[in-house]
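Side chains included, hydrogens not; waters and symmetry mates left out as well; all remaining heavy atoms used.
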Amino acid sequence: MAQIPGLDGVLGVEHLELTADRVVVTFTIGEQHLQPFGIPHGGVYCAVHESTASTGGQVWLGDKGVVVGTNNSTDFIRQAKVGDVITTTATPIHRGRTQQLWHLDSVGEDGKLIAQGQVRLANLDMPVPPEALDGIKRMQQG
């Protein structure tokens, strides 16, 4: 699937799978992902986790409202290095009328867990901007 605009585009995130029940993205650790001590910044994983869960949550909610993140909890398990390809998978834990909870795993090429998290989303009762739904359709089509 296609690379996307915004922060995910800056981070080099690409969607491999995008459904209401599972979102899989990948990115390669580069110099732009490092904190001053030369290791990947934890915020990279937090950002990828939130946008990946939010995208899946919006696909599930469709045009019934707008999804926004309300909590992001990410644990850092293992250090990656420049050149490592990270795959992040988001799956729903709970999806209700007003909120959703998603689980995320970020793994290296060897399948070992790099970071793990949960993202809580609020389902806001408001019109979805047409460009948001168009953007998701573009991501799904690649």
Side-chain angles (χ1 to χ4, degrees), residues 1-126 128-129 131-142:
M1 292 203 167
Q3 184 175 348
I4 53 180
L7 180 57
D8 280 356
V10 171
L11 296 174
V13 173
E14 295 184 29
H15 282 85
L16 303 178
E17 182 179 338
L18 177 52
T19 70
D21 296 317
R22 180 176 149 103
V23 180
V24 181
V25 303
T26 188
F27 63 99
T28 302
I29 298 291
E31 298 290 330
Q32 74 275 21
H33 297 108
L34 304 182
Q35 45 110 306
F37 303 108
I39 61 174
H41 194 290
V44 171
Y45 300 105
C46 292
V48 172
H49 285 186
E50 185 161 337
S51 63
T52 303
S54 294
T55 302
Q58 190 65 58
V59 168
W60 178 77
L61 193 60
D63 63 359
K64 296 179 188 133
V66 174
V67 171
V68 296
T70 59
N71 189 53
N72 182 335
S73 175
T74 301
D75 293 308
F76 313 111
I77 312 298
R78 174 176 285 104
Q79 182 178 315
K81 63 184 181 318
V82 171
D84 287 351
V85 176
I86 307 300
T87 300
T88 299
T89 303
T91 54
I93 296 170
H94 167 78
R95 294 181 291 199
R97 184 178 54 79
T98 61
Q99 65 181 345
Q100 302 180 46
L101 183 63
W102 286 70
H103 173 85
L104 296 108
D105 285 327
S106 289
V107 300
E109 293 170 274
D110 59 3
K112 290 185 178 178
L113 194 60
I114 303 290
Q116 185 175 67
Q118 284 190 166
V119 172
R120 182 170 302 281
L121 305 169
N123 302 331
L124 302 181
D125 185 17
M126 61 186 292
V128 181
E131 60 272 13
L133 292 175
D134 290 345
I136 288 173
K137 287 177 187 172
R138 281 192 306 277
M139 285 184 259
Q140 288 175 315
Q141 294 169 353

Find out whether [X] and [Y] are in side-chain contact, i.e. whether some heavy atom of one side chain is under 4.5 Å from a heavy atom of the other.
X    : Y    : answer
T26  : V24  : no
L113 : V107 : yes
P40  : Y45  : yes
I29  : K81  : no
R95  : D21  : yes
H49  : S106 : yes

Pair N72-T74, side-chain donor/acceptor within less than 3.5 Å: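 Yes, because at least one side-chain N or O of N72 sits under 3.5 Å from a partner of the opposite role on T74.
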Specify the closest pair of heavy atoms between [X] and [Y], including all atoms of both residues, with the distance to one decimal.
X    : Y    : answer
L121 : G69  : CD2-CA, 3.8 Å
G96  : N123 : O-ND2, 2.9 Å
W102 : A20  : CH2-O, 3.4 Å
I114 : G108 : CG1-N, 3.6 Å

Pairs involving residues 108-121, ordered by first then second residue, that meet side chain to side chain donor-acceptor pair (under 3.5 Å) (sequence neighbours left out): Q99-R120, D105-Q116
Any pair counted as side chain to side chain donor-acceptor pair (under 3.5 Å), so long as it reaches residues 28-40, sequence neighbours left out: none
Solution key, residues 56-65 side-chain donor-acceptor pairs under 3.5 Å, sequence neighbours excluded:
{"unit_1": "Q58", "atom_1": "OE1", "unit_2": "V67", "atom_2": "N", "d": "2.9"}
{"unit_1": "Q58", "atom_1": "NE2", "unit_2": "G62", "atom_2": "O", "d": "2.9"}
{"unit_1": "Q58", "atom_1": "NE2", "unit_2": "G65", "atom_2": "O", "d": "2.9"}

Gap between atom CD1 of I77 and atom CD of Q79 - 0.5 Å precision: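 Separation between the atoms: 13.5 Å.
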Approximate separation, where rounding is to 0.5 Å, of F27 CZ and T87 OG1: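 Between F27 CZ and T87 OG1, I get 9.0 Å after rounding to 0.5 Å.
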Of L104, T91, L16, T52, the residue whose pairing with V23 passes side chain to side chain contact (heavy atoms under 4.5 Å, CB included): T52
